[in-house]
Q: 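Please find one structure pasted underneath; my questions will follow.
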Amino acid sequence: VQGTLPHFIQEPEDAYIVKSNPIKLRCRAAPALQIFFKCNGEWVHQNEHFSQEYKDLNTGLKVREVMINVSRQQVEDFHGPEDYWCLCVAWSHLGTSKSRKATVRIAYLRKNFEQDPQGKEVPINGMIVLHCRPPEGVPVAEVEWLKNEELVSSLADGNIDTRADHNLIINEARLSDSGNYTCLASNIVAKRRSATATVIVYVNGGWSLWTEWSPCNVPCGRGIQKRSRTCTNPAPLNGGAFCEGMSVQKITCNALCPIDGGWDEWSEWTLCSSQCERQRSRECNSPAPRHRGKMCEGNSEATENCTDGLCTQNRKLLHDVKPQSMDSSNDIALYSGLGAGIIAVAILVVAVMLYRKNHSEYGVDVIDSSALTGGFQSFNFKTTRQGNPLLLNSSMQPDLTVGRTYSTPLCFQDSTDKELFDPLPDIKVKVQSSFMVSLGVAERAEFHAKAPSETFPRDLSRDYCNTVDRRKKGLLTLNGPFNTCKEQLRTSGMFGHPGGRLVVPNTGVSLLVPHGAVAENMSWEMYMVINQGEASVQRLEGCEILLSPEVTYGPPGLDLFCPVAMTIAHCAEVDGENWNIQLKRKTQDSKWEEVMSVEEESTSCYCLMDLTSCHLLLDQPGSYALVGEPLTQAAVKRLKLAVFGSMEVGSMNYSLRVYCVDDTPHAFQVVVAAEKTRGGQLLEEPKMLPFRANTFSLQVSIQDVPQFLWSIKPFTTCQEFSFPQVWCSNQQPLHCAFSLERYSPATAQLSCKISVRQVKGHEQILQVYTAVAETEKEPVPFFMQTDCTITSQTGPKAFKIPLSIRQRICATFDTANAKGKDWQLLAQKLHLDQNLGYFAKQQSPSAVILSLWEARHQDTADLDALASALEEIGKIHSKSSPKDPDEPDFPSSQHGNRKYLHKGFHIQIR
């Protein structure tokens, strides 16, 4: 109606400027004579308005529409207390009307999230909460979640909630919830992605039920029964914790020994029968067979003629009938056996002749038989052509009359003395390459190859042990000697009441003499010796091998008040299911006796096995060693692999020597000492190879030799150690060599790879890249320990724990009290809670526990862990009961203790 105030049909709406694009604000009103915009309290110029008028077909009223543009520059130039705003004012005959205020803001979305989601590892069925705070933006960004780049919807999965303040909540984690999660924020300007959060849902392992006890492992006497369980209920997944506790339990058993049967005395003869025979009998009751014993051998009844041959049957004497039939059967057996023997001998002779004929065409003329006499000496032979020997065609028969002479190295076993080879007329050597060449020596120094590794048995329980025994006696020594130092490594020092530490440098062997072990006003000259050589190895039994060096400490008459702590490095991957590891001591007649098994508890000795070392608490001086017997083919011992090189004086040949030694510092030091005298250079960081007891051999091959710069001697690209050589090396080094020749003196670099692999086992690659010019080379690097020349320390400086702190700990924990804060809790917190019976018999269990802790952490000096353990013990008991005024206050003064521990640490370093 013409007589009413203007009515707004469309009012301006809030708007956002995206980038530099202006926005449009519109107003429509009826009836209206004029409509103008007013922004931030000021009228917009008439020229900036775009207006039009039309008639509404429904009401018949004239409708006026007005539009203006607002630019980014206008908004940025406005500096008012509120946002940029605009409204419409419409006029009619009766007055004016105003519209709502419409705000205009510049839209943006910052790049960085205020909070990125963080990766989590949660147990199955646990709750997952991923927090996300999107970047600041106008308008406020909306948040979505992506899992592995796919949108996550709470509508499709009731276990997921994405509505709680931009966070993602998974109420009960499932294995399928593992993945990469990303928070996606977006508004009208842009989209932003957060950092990806990896969620892992893990499953902790659980033990299965125990199996039935196995039969006793010995047929007679004292043995062991086992039962096992597996960590498969459930199996650990996605990094979940493995089951705690033992997977194998052992108990002793006594198997009843079999008793073989024995005959009673013969009974009296019966009366002579009508058949002119009489009988007598006996029974198998002296003793009767028991417990699977054998029955008596022989007849239980006997018959004989009782008329002195006067009785006849069919006109023959009765006593002549049976012997006659027996003679005829014996003759048939005799002739049959002779015939079979003759045929077997004939077949054997023909087979040997055919074998010699087939292999004679591969014979190699040996020029220098000194290869048998030691070291890296070599024998020479001729090849087929004068070109690159790497191009030798394996299908071509070598011409032994022309060609160039090469020096061929052999793999030598380091523990054999030269005298072992001198009396032997026929030496067996195996050399392997892409095709096999058999070498032999007889009267003309010809080799006849036998490959013991190919015929080595696969049965650990019987033939394996026989092979090990023969190996210990020197019968399986296949390679030549290596001149190692046979001198004993010895260190000694004077120790009194304050105690101290004795170290054999760079061998992983040390001895800790606790404070108070030696009586006051007394002193002892104590020593440690690492025995070298094979004399002790030959005394081992069955399948046993040395896993550590043999270490002796003394003197023999040593009298101490508490046990000493000895640390010995070992080379076994400790696994009670696959190994039976024992600590043995040498008796006066040089035989080994068992002290304890590392898995069993003992009150006479304590043995703590770490990954690479064994810590022993010993009461008696003597010679000790760790000895292992593989229970399964999964048993593993660690080998250290190293490659050394040197130029051969006066020639263009370069020698690469690859060593395989038991992974103990002492065994590797033997190699380092030998290479130092040879002038060798360590070409690659030594590496570790797990060697399994699967009876398969170890192969060493050279690869990727530059063919146009170097020539490798034929048939030596791959060399092999048999299984008994490696498994029974017993801390003695094995090595083989590769000899390479330069085509030109200008060649100054050598690069290649050395592959060391066990057949059906692990492999390691040694990368060689070295300069080969005949210049002054750096010496072989030794162990980089700062105290490698220090052999003994006495008094407080030898210990990590200050004496006053040690005495206070012992006074607190040695006496059990109502709180239960005694030495057993101390052992538990220091992770030394096995074989507690040994500590219980000591005069001061806490002192022995601390000595063992000192020996275990002599390299790390982990005083923080000790302080934390004491603090944790104090906190536990401070909550459970009131303080005893007479008892040391560990909880309240623990920070002081820790400072004191650290003070002792700094003094030790200085």
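Below, each value reflects all heavy atoms present in this structure, side chains not excepted, and no hydrogens, waters or symmetry copies.
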Q: Has Asn835 got a side-chain atom pairing as donor or acceptor with Ser602's backbone, closer than 3.5 angstrom?
A: yes
Q: For Ile224 and Glu600, what are the C-alpha separation, side-chain angles and deciding distance, and is it a side chain to side chain contact (heavy atoms under 4.5 Å, CB included)?
A: CA-CA 12 Å; Ile224 294 176; Glu600 298 178 356; 4.3 Å; yes
Q: Which pairs with one or both residues in residues 213-224 pass salt bridge (charged side-chain N to carboxylate O under 4.0 Å, His left out), sequence neighbours excluded?
A: none
Q: Is the Tyr838 ring parallel, tilted or perpendicular to the Tyr606 ring (thresholds 30°, 60°)?
A: tilted
Q: State the CH2-CG distance between Trp853 and Leu608, to the nearest 0.5 angstrom.
A: 13.5 Å
Q: Is there a donor-acceptor pair under 3.5 Å between the side chain of Asp814 and the backbone N or O of Ser846?
A: yes
Q: What distance separates Met596 CE from Gln582 CD, expressed to the nearest 0.5 Å?
A: 10.0 Å
Q: How many angstroms lie between CD in Glu594 and CG in Leu583, if you round to the nearest 0.5 Å?
A: 9.0 Å
Q: Keeping Ser548 on the side-chain end and Leu626 on the backbone end, is there a donor-acceptor pair under 3.5 Å?
A: yes
Q: Could you check whether any side-chain N or O of Ser208 sits under 3.5 Å from a backbone N or O of Thr230, counting only pairs where one atom can act as donor and the other as acceptor?
A: yes
Q: Just to verify, what does Gln828 make a side chain to side chain donor-acceptor pair (under 3.5 Å) with, not counting sequence neighbours?
A: none
Q: Could you check if a side-chain atom of Pro563 sits within less than 4.5 angstrom of a side-chain atom of Val848, using non-hydrogen atoms only?
A: yes
Q: Look up atom CZ in Phe242 and atom OG in Ser247, then write down how far apart they are to the nearest 0.5 Å.
A: 7.0 Å
Q: Testing Arg856, Arg806, His615, Gln842 for side-chain hydrogen bond (donor to acceptor under 3.5 Å, both in side chains) with Ser851, which one passes?
A: Arg806
Q: Is there a donor-acceptor pair under 3.5 Å between the side chain of Trp823 and the backbone N or O of Cys810?
A: no
Q: Out of the candidates Asp662, Asp663, Leu611, only one should pair with Arg638 under the side chain to side chain contact (heavy atoms under 4.5 Å, CB included) rule; please name it.
A: Asp663
Q: Phe691 versus Cys660: any side-chain heavy-atom pair under 4.5 Å?
A: no
Q: Can any side-chain N or O of Asp610 pair as donor or acceptor with the backbone N or O of Thr612 at less than 3.5 Å?
A: no
Q: Would the SG atoms of Cys607 and Cys614 measure under 2.5 Å apart?
A: no
Q: Whether the side chain of Lys829 engages the backbone of Glu872 through a donor-acceptor N/O pair (distance < 3.5 Å, no angle test) should be reported.
A: no
Q: Check for a donor-acceptor pair, side chain of Gln225 on one end and backbone N or O of Ser214 on the other, with a separation under 3.5 Å.
A: yes
Q: Is there a donor-acceptor pair under 3.5 Å between the side chain of Lys800 and the backbone N or O of Glu854?
A: no
Q: Closer than 3.5 angstrom, by distance alone: can the side chain of Arg501 be matched with the main-chain N or O of Ala798 as a donor-acceptor pair?
A: yes
Q: What pair of heavy atoms forms the shortest contact from Val504 to Met528, and how long is it?
A: CG2-CE, 3.8 Å
Q: Is the closest side-chain heavy-atom distance between His497 and His515 below 4.5 Å?
A: yes
Q: Just do the side chain to side chain contact (heavy atoms under 4.5 Å, CB included) check on Trp579 and Leu547 with the steps written out, would you?
A: CA-CA 11 Å; Trp579 277 106; Leu547 297 178; 3.9 Å; yes
